Number of protein chains: 2
Amino acid sequence: MGQVELDTSVGYLLKMASSALHNAMEAVLRPLGMTITHYSCLELLSQRPGLSNSELARGTFVTRQSMNVLLQALERDGLVTRPERAPSGRVLPTTLTEAGRRQLASASSAVRAVEETMLSGMSPDEQNQMRRLLRSCVDELIR
Amino acid sequence: MGQVELDTSVGYLLKMASSALHNAMEAVLRPLGMTITHYSCLELLSQRPGLSNSELARGTFVTRQSMNVLLQALERDGLVTRPERAPSGRVLPTTLTEAGRRQLASASSAVRAVEETMLSGMSPDEQNQMRRLLRSCVDELIR
DNA sequence: AAGAGTATGTCAGGATACTGACATGGGTCA
DNA sequence: TGACCCATGTCAGTATCCTGACATACTCTT
């Protein structure tokens with residue numbers, strides 16, 4: 001009858017894996033007082049300093065309104081800084097503070113351990129294969 | 001400095017793919033007046049009739065409280081039925097009505113098209129490889 | 001047989017993210 | 001240059017999902 005067949009559906013398996021990873025990350029970040037979006041924002045800023053609110057939102061898969069609320073909290077807690085006035089246009093480039101880098105360091109190792117657990121059943125070749133296949137999924141859906 | 005490297009992180013790519021699929025499914029289900037959880041619940045019931053509220057919640061990756069709210073709406077709209085009293089224990093087995101089956105049929109083809117788009121860049125062998133790798137991720141994280 | 005432990009359905013309250021809307025700044029094209 | 005279009009930051013209101021809690025029913029162990 002042309003159904004989706006949950007057991008063999010790549011979409012369902014993708015959701016299963018994503019959900020399992022989400023739960024595992026939540027579990028290791030909670031003791032550190034961080035949420036996944038909180039951590040993702042810091043990680044993104046560490047690798048691409050000066051990102052704007054909207055760019056951070058896209059990189060962490062939330063709306064720019066949600067990211068704005070988070071950034072205000074992070075700024076209040078002294079983890080990130082934003083200039084008072086925009087250097088150009090309305091874009092406010094955000095950077096990590098020293099405290100932000102310290103908090104990221106502890107979280108980053110915990111998250112890395114989770115990812116290594118997730119990949120522990122695959123050979124390096126299979127891991128590369130997986131990266132390639134996931135990128136293909138994204139490319140076709142974005143098209 | 002041992003960071004996560006977003007560009008090559010399998011976890012990040014997994015989130016990207018999952019998010020892209022989520023958006024694509026939302027886009028095709030919205031015109032039909034359905035959410036993803038709504039559709040997933042119907043699809044699950046179609047393949048495994050008689051599932052309980054808690055089982056449906058686990059299968060759609062939400063809490064049983066959220067699924068309970070959804071089931072009450074689906075029951076009100078005549079898409080599913082639950083017995084007045086539990087045949088055994090507290091478990092209320094849920095089944096699709098004819099109207100539920102009709103609604104699922106239209107959604108199912110739309111969702112199948114999205115999944116085919118997502119897989120359109122892979123050979124059948126690669127699709128099987130992907131299923132195997134995703135299952136491995138889940139298995140290692142559940143452990 | 002009885003108690004502990006576990007799973008279920010459901011209610012209430014709170015946290016989180018999203019949609020809608022607005023003003024502002026830049027880029028493009030006629 | 002000016003009109004149009006698009007992106008950004010931000011405010012408010014809403015929707016959605018989750019956490020906490022409780023009563024009930026089954027299972028397993030002693």
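Below, read A as the first sequence line, B as the second, and so on, with proteins coming before strands; counting in each chain starts at 1. Note that this is a predicted model, so its numbers are computed, not measured.
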Worksheet item: How would you list, by chain and number, every residue that makes a salt bridge (charged side-chain N to carboxylate O under 4.0 Å, His left out) with A:R48, sequence neighbours excluded?
Response: B:D7
Discussion item. Under 4.0 Å, heavy atom to any atom of DNA chain D: which of residues 13-33 of chain A qualify?
Written reply: none
Discussion item. How close do B:A107 and B:L29 get, counting heavy atoms only, and between which atoms?
Written reply: CB-CD2, 3.8 Å
Practice prompt. Give every residue pair that meets the ring pair (Phe, Tyr, Trp, His ring centres under 6.0 Å) criterion with at least one member in residues 40-71 of chain A, sequence neighbours excluded.
Written response: A:F61-B:Y12
Worksheet item: Nucleotide by nucleotide, 5' to 3', does protein get under 4.0 Å of the base (B), only the sugar-phosphate (S), or neither (-) in nucleotides 3-18 of chain C, counting heavy atoms?
Response: -----BBBB-----SB
Worksheet entry | Angle between terminal axes - the helix from C:dA1-D:dT30 to C:dA30-D:dT1, 5 pairs each end, rounded to 10° | 40°
Worksheet item: Does any pair with a residue in residues 77-132 of chain B pass ring pair (Phe, Tyr, Trp, His ring centres under 6.0 Å), and if so which ones, sequence neighbours excluded?
Response: none
Discussion item. By the side-chain hydrogen bond (donor to acceptor under 3.5 Å, both in side chains) test, which pairs, at least two apart or in different chains, include something from residues 67-85 of chain A?
Written reply: A:T81-A:T95
Discussion item. With ring pair (Phe, Tyr, Trp, His ring centres under 6.0 Å) as the rule and sequence neighbours excluded, what pairs involving residues 69-88 of chain B come up?
Written reply: none
Worksheet item: Once you round it to whole Å, what is the distance between P of D:dC18 and CD1 of A:I36?
Response: 13 Å
Worksheet item: Nearest-Å distance, CE (A:M67) to P (D:dT8)?
Response: 13 Å
Item to complete: Please collect all salt bridge (Lys or Arg N to Asp or Glu O under 4.0 Å) contacts where either partner lies in residues 125-135 of chain A, sequence neighbours excluded, each pair once.
Response: A:E126-B:R132, A:R132-B:E126
Item to complete: Enumerate the residue pairs fulfilling side-chain hydrogen bond (donor to acceptor under 3.5 Å, both in side chains) with a member in residues 54-64 of chain B, sequence neighbours excluded, ordered by first and then second residue.
Response: B:S52-B:E55, B:T63-B:S66
Practice prompt. Using whole Å, report how far CG of A:L51 lies from P of D:dG9.
Written response: 10 Å
Worksheet item: How would you list all residue pairs meeting ring pair (Phe, Tyr, Trp, His ring centres under 6.0 Å) that involve residues 16-37 of chain B, not counting sequence neighbours?
Response: none
Worksheet entry | side-chain hydrogen bond (donor to acceptor under 3.5 Å, both in side chains) involving A:S18 - partner list, sequence neighbours excluded | B:S18
